Novice: 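Before we start, here is the structure in question, set down as structure tokens.
Values in this document were obtained by computation on a predicted structure and should not be read as measured data.
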Amino acid sequence: MLTLAALFLVAFASATILPLQSEAMLTALILAKNYSLFWLLMVAGTGNTLGAVVNWWLGKKVENYRDRSWFPVTPERLQQAQSWYQRYGKYSLLLSWLPIVGDALTVAAGLMREPLPVFIVFVATAKFARYIVLALVVTGIF
């Protein structure tokens with residue numbers, strides 16, 4: 001149970017301002033074969049999605065925090081994400097699994113006032129899909 005909690009925390013944090021690699025931990029746990037693949041995917045996907053919600057919230061409050069050193073996105077990345085978001089809207093959130101760009105997109109979604117339920121549907125789809133593809137590759141199915 002402690003291992004699943006650690007996976008949740010790493011997946012959560014890796015979707016926020018911390019440069020962690022949840023994929024490495026998930027891969028190691030899949031290869032260890034000590035845990036249900038279903039639960040590993042559920043825990044990692046949920047943690048990563050909820051971490052992205054933190055970015056969405058920061059985006060909603062961006063004017064208050066954008067100049068802070070810990071803010072997760074550079075002004076250039078945020079501008080790029082805003083441009084993508086204006087062009088592709090909520091569908092750009094399907095790229096939220098990408099390193100760096102994905103974080104910027106989730107912040108931009110908050111900045112652009114994307115409704116939270118819509119945000120969660122698109123981000124969860126992207127995050128879970130990434131972990132499922134990773135699991136298929138690691139297990140040799142794909």
Side-chain angles (χ1 to χ4, degrees), residues 1-32 35-142:
M1 194 63 163
L2 195 56
T3 302
L4 292 178
L7 176 61
F8 178 88
L9 290 174
V10 168
F12 180 93
S14 69
T16 61
I17 61 174
L18 301 175
L20 298 175
Q21 292 296 318
S22 59
E23 296 87 351
M25 184 174 188
L26 180 59
T27 298
L29 291 172
I30 291 170
L31 291 173
Y35 298 92
S36 159
L37 184 58
F38 172 80
W39 285 112
L40 290 174
L41 293 172
M42 290 301 294
V43 167
T46 301
N48 209 241
T49 299
L50 291 176
V53 170
V54 170
N55 289 347
W56 174 87
W57 178 82
L58 284 171
K60 285 190 70 140
K61 307 294 183 186
V62 74
E63 295 309 317
N64 298 329
Y65 301 106
R66 110 185 300 159
D67 296 327
R68 306 262 171 102
S69 63
W70 53 263
F71 192 73
V73 181
T74 65
E76 296 79 23
R77 290 282 185 212
L78 187 58
Q79 181 57 45
Q80 179 186 25
Q82 282 179 274
S83 295
W84 285 1
Y85 209 83
Q86 287 172 336
R87 176 181 266 174
Y88 301 109
K90 61 189 170 200
Y91 298 103
S92 66
L93 291 172
L94 294 173
L95 299 176
S96 64
W97 62 272
L98 290 169
I100 301 168
V101 173
D103 293 343
L105 285 171
T106 58
V107 172
L111 181 64
M112 306 300 277
R113 303 294 192 248
E114 185 66 55
L116 185 58
V118 172
F119 174 86
I120 289 173
V121 166
F122 280 88
V123 170
T125 299
K127 304 281 191 174
F128 276 90
R130 174 195 56 199
Y131 288 133
I132 290 167
V133 168
L134 176 66
L136 291 173
V137 170
V138 170
T139 59
I141 295 171
F142 184 66

Novice: Have a look at V138 and tell me which of L26, L29, T27, V133 forms a side-chain contact (heavy atoms from CB on, under 4.5 Å) with it.
Specialist: T27
Novice: Can you list everything that forms a side chain to side chain contact (heavy atoms under 4.5 Å, CB included) with R68? Sequence neighbours excluded, please.
Specialist: Y65, W70
Novice: Quick check: do L94 and Y88 have side-chain heavy atoms less than 4.5 Å from each other?
Specialist: no
Novice: Taking all atoms of both residues into account, what is the closest heavy-atom pair of A126 and L93, and its distance?
Specialist: CB-O, 3.8 Å
Novice: To the nearest 0.5 Å, what is the distance between CD (E23) and CH2 (W97)?
Specialist: 9.5 Å
Novice: Atom CH2 in W84, atom CG in L95: separation rounded to 0.5 Å?
Specialist: 6.5 Å
Novice: Check this for me: R113, atom CZ, are more than 12 non-hydrogen atoms of other residues, nucleotides or ligands nearer than 6.0 Å?
Specialist: yes
Novice: According to side-chain hydrogen bond (donor to acceptor under 3.5 Å, both in side chains), who are the partners of Q80, at least two apart in sequence or on a separate chain?
Specialist: R77
Novice: Of all residues at least two apart in sequence or in a different chain, which pass the ring-ring contact (aromatic ring centres under 6.0 Å, His included) check with Y91?
Specialist: F122
Novice: I'd like to know if the side chain of T46 reaches the main chain of V43, judged simply by a donor and an acceptor atom lying under 3.5 Å from each other, with no hydrogens or angles considered.
Specialist: no
Novice: With side-chain hydrogen bond (donor to acceptor under 3.5 Å, both in side chains) as the test, pick out the partner of T106 among T49, T16, N55.
Specialist: N55
Novice: Sequence neighbours left out, what passes side chain to side chain contact (heavy atoms under 4.5 Å, CB included) with L9? Give chain and number order.
Specialist: none
Novice: What's the separation between atom CG in L105 and atom CG in L111, rounded to the nearest 0.5 Å?
Specialist: 12.0 Å
Novice: May I ask you to test the I132-L136 pair for a side-chain heavy-atom distance under 4.5 Å?
Specialist: yes
Novice: Tell me the side chain to side chain donor-acceptor pair (under 3.5 Å) pairs involving residues 114-124, sequence neighbours left out?
Specialist: Y85-E114
Novice: Identify the heavy atoms of L20 and A13 that sit nearest to each other, and give their distance.
Specialist: CD1-CB, 3.5 Å
Novice: Could you pull out the closest heavy-atom pair between F119 and A109, with the gap in Å?
Specialist: CD1-CB, 3.7 Å
Novice: What's the spacing between K127 NZ and I120 CD1 if we round to 0.5 Å?
Specialist: 12.5 Å
Novice: Using side chain to side chain contact (heavy atoms under 4.5 Å, CB included) as the criterion, list what pairs up with S22, not counting sequence neighbours.
Specialist: V10, A11, S14, N48, R130, Y131
